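Along the sequence shown, residues are numbered consecutively beginning with 1. Keep in mind that what you see is a predicted model, and the values were worked out from it rather than measured.
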Amino acid sequence: MLQEGAHGKWTVSSSDESTEENSDSEKPSTSSVLDAARDTTSGPQYPCSEARKAAHKRKASPLKFSDKSFSAEAPPAGKQKTNQEGSGWCLSSSDEEPEDQGKHAHKETVKEEKSDAPKEHLLNLCKGDELSENQKAEEYYEAPSESQDTWDLLNGGNPFRFFLTKVRGIQQSYNSGALHIKDILSPLFGTLVSSAQFNYCIDVAWLVRQYPQEFRKKPLLIVHGEKRESKAELLAQARPYENISFCQAKLDIAFGTHHTKMMLLLYEEGLRVVIHTSNLIADDWHQKTQGIWLSPLYPRLPQGTSGSAGESETNFKSDLISYLMAYNSPTLKEWIDLIQEHDLSETRVYLLGSTPGRYQGSDKEKWGHLRLRKLLREHALSIPAQESWPVVGQFSSIGSMGADGSKWLCSEFQESLVPTGRSVTSLKCDVPVHLVYPTVNNVRQSLEGYPAGGSLPYSIQTAQKQLWLHSYFHKWSAEVSGRSHAMPHIKTYMRSSPDFQKIAWFLVTSANLSKAAWGALEKNGTQLMIRSYELGVLFLPSAFGLDKGYFHVKGKILSESDNPATYFPVPFDLPPEQYGSKDQPWIWNIPYTDAPDTHGNMWVPS
């Protein structure tokens, strides 16, 4: 579909207009355009979003940027057209050029390579033979980390148990202390008896290969939200594996997804819970910034212990059981019973989940942003001059926010992020808000190039309805973790001091910036409606024995004399840098043909 606006013409590659609440969560594709694309380029054999399928197609059939006057490694930033109204974003030109494009000294031509052409060269990465990206990822992580490294990770130096995933193509020192899925499933972490994988996007054959050979036939439960054809595809993937069973999460409210990413790992030695941000596909564990919270090894309680035993000060055990009970699934009863039988008292984080439904009364505070509001009111300490402490939100997708900030973002949502301590009954919503979301240039200059944008499914249909939102946007930069060029699929939220040296709390979660994920108030504020399943963990200073009400932000260098429990490893750079006048947020379903990415390619999604 060709559309025209102040920024020229662009093609919308999705066949249907975005519905108000189709919140750019990673919905399975129903687009006829992309179905047709699969006829020419075999798509991945797992249900996923339209944006990811477009990325898969572009990886298989790259569109080379044929004008050699540009350097692929450092394309001129000024090449991108800017919005003269100064809203800080614009739409890139499509291959149907607007009239004023004739003013440029030259034009680019679009040339589609055949699928059997050699794969794109990794300009900024290690040179290797021409394997598929997925094979490269698997070959790179053929074996988990060295035993001593993994043991050190588990037993010292990381009191928060918060990790990033390994990234290929960055300086190896930045992967020290990071985890691949093969590390998590390694025998060093425990002798596996059975496991449950909760996720959105799942490649079953790939997942099985991540388990060590000796664990591959252990019982595996996959908890998913697929329906109809995509459910049939998922079940078909698992037919070769007799040990795999499924639990379908009920999604009774339109446009909801099962977006939670969690592993339950039962060992001979105990139980472990892993809450993270990665889909169960090779791409998500290769060159993206992702977050992981890894629980301690929970020992089994002595037989005959009461059900309330083994609880943590953060109430994690009962909250996890409540979350699992919300699925209302007999299949999960076995895991609920197993959790009851283990001692989770060493947990220092708070669980924060979303489950689909309409909640009233005390149930309203069990899930979503009202749950965060309740936890902060009850457990965060008061901070002097807290009104000046900004809120920072960082995410990989954005839903419909409404006509202006008062509709949700700067009203109910912000109110849930600003309470700090019981003394605060209400705060004006004038706290600064910094939203971190990658620019087009962030994506273009990333390790993956433009296909990284397949995991950033912000659509033109949603974006053009909320131009006001983009004034809050800040670039992705992660020099502190060596991941400026590893596009974020992690989602984090925090409350920072005005100088960004301290944070009052930190949340890592599957929840993007959307009402579907966090919930929206209805019926004059008496009811909270949530569409999706989400899960995250909240870090509060009080749970780590800190009485000042804040963590220090950990920099690149930390003196050994400093107490590591007081320095939180925020995975990206603070303060975040606001978009400049030439920056635009990445929008997945419009073309970018003005400048090449790090593989010398352009982006034409349809």
Side-chain angles (χ1 to χ4, degrees), residues 7-8 10-11 13 51-52 54-59 61-83 88-95 104 108-113 119-125 133 167 169-170 283 286-289 396-397 436-460 463 470 473-479 483-489 572 577 579-606:
H7 307 280
W10 63 92
T11 306
S13 69
R52 283 180 182 266
H56 180 87
K57 181 191 174 187
R58 282 285 72 88
K59 278 186 177 180
S61 303
L63 295 174
K64 286 294 174 192
F65 185 85
S66 61
D67 190 317
K68 303 298 188 230
S69 65
F70 282 101
S71 156
E73 288 188 78
K79 183 75 183 79
Q80 309 234 337
K81 294 196 301 297
T82 57
N83 179 359
W89 80 298
C90 70
L91 304 180
S92 122
S93 67
S94 74
D95 27 345
H104 290 296
E108 299 81 49
T109 57
V110 180
K111 179 176 68 186
E112 177 146 10
E113 295 198 344
K119 295 285 178 193
E120 59 270 359
H121 296 294
L122 302 177
L123 298 184
N124 294 330
L125 307 181
E133 290 299 321
V167 173
I170 65 172
D283 277 351
H286 186 37
Q287 290 183 320
K288 299 187 189 302
T289 302
S396 61
S397 187
V436 177
Y437 178 77
T439 65
V440 173
N441 266 343
N442 281 152
V443 174
R444 185 171 64 80
Q445 295 167 340
S446 71
L447 292 165
E448 297 175 272
Y450 286 127
S455 305
L456 301 163
Y458 190 28
S459 74
I460 185 64
H470 304 155
F473 282 178
H474 293 67
K475 303 172 190 180
W476 172 254
S477 176
E479 294 301 301
R483 284 162 170 78
S484 288
H485 299 290
M487 288 300 94
H489 191 256
F572 57 91
E577 183 186 348
Y579 279 20
S581 61
K582 294 180 179 180
D583 289 311
Q584 50 182 315
W586 171 262
I587 292 168
W588 81 268
N589 58 344
I590 58 176
Y592 299 101
T593 60
D594 281 355
D597 67 10
T598 49
H599 300 269
N601 297 326
M602 297 179 293
W603 177 256
V604 180
S606 58

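In this structure, H485 and I170 have side chains that are not in contact, with every pair of non-hydrogen atoms separated by 4.5 Å or more. Annotation: side chain of W588 is in contact with side chain of S459 (closest heavy-atom distance under 4.5 Å). Side-chain atoms of P62 and H599, non-hydrogen and from C-beta on, never get closer than 4.5 Å to each other.
Of the listed residues (S397, P585, P438), just one forms a side chain to side chain contact (heavy atoms under 4.5 Å, CB included) with L456, and that residue is P438.
The minimum heavy-atom distance between P488 and S396, with the atom names listed, is O-CB, 3.5 Å. Here the shortest heavy-atom pairing between A486 and V167 reads CB-CG1, 4.0 Å. When every heavy atom of P457 is checked against every heavy atom of A51, the shortest pair comes out as CB-CB, 3.8 Å. Of all heavy-atom pairs between P451 and E448, the closest is CD-O, 3.3 Å. The nearest pair of heavy atoms linking D597 to G449 is OD2-CA, 3.5 Å. Across all non-hydrogen atoms, the minimal contact from G169 to L447 is O-CD2, 3.9 Å.
Salt-bridge annotation for K59 and D283: present, with a side-chain N of the basic residue lying under 4.0 Å from a carboxylate O of the acidic one.
For the atom pair H470 NE2 and D583 CG, the distance stands at 12.5 Å (nearest 0.5 Å). With values rounded to the nearest 0.5 angstrom, R58 atom CZ is found 9.0 Å from M602 atom CE. Note that the NZ atom of K64 and the CG atom of N601 stand 4.0 Å from one another [nearest 0.5 Å]. Atoms CZ and CD, from R483 and Q287 in turn, are 11.5 Å apart once rounded to the nearest 0.5 Å. To the nearest 0.5 Å, atoms OG1 (T598) and OH (Y450) are separated by 9.5 Å. Atom NZ of residue K475 and atom CG of residue N442 lie 8.0 Å apart, to the nearest 0.5 angstrom.
Listed for the S484 side chain is a donor-acceptor partner under 3.5 Å among the backbone atoms of A478.
Every ring-ring contact (aromatic ring centres under 6.0 Å, His included) that W586 has, sequence neighbours left out, goes to Y592, W603.
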Is there a side chain to side chain contact (heavy atoms under 4.5 Å, CB included) between V436 and W476? Walk through the geometry before answering. CA-CA 6 Å; V436 177; W476 172 254; 4.0 Å; yes
List the steps, then state whether side chain to side chain contact (heavy atoms under 4.5 Å, CB included) holds for K288 with S455. CA-CA 9 Å; K288 299 187 189 302; S455 305; 3.0 Å; yes
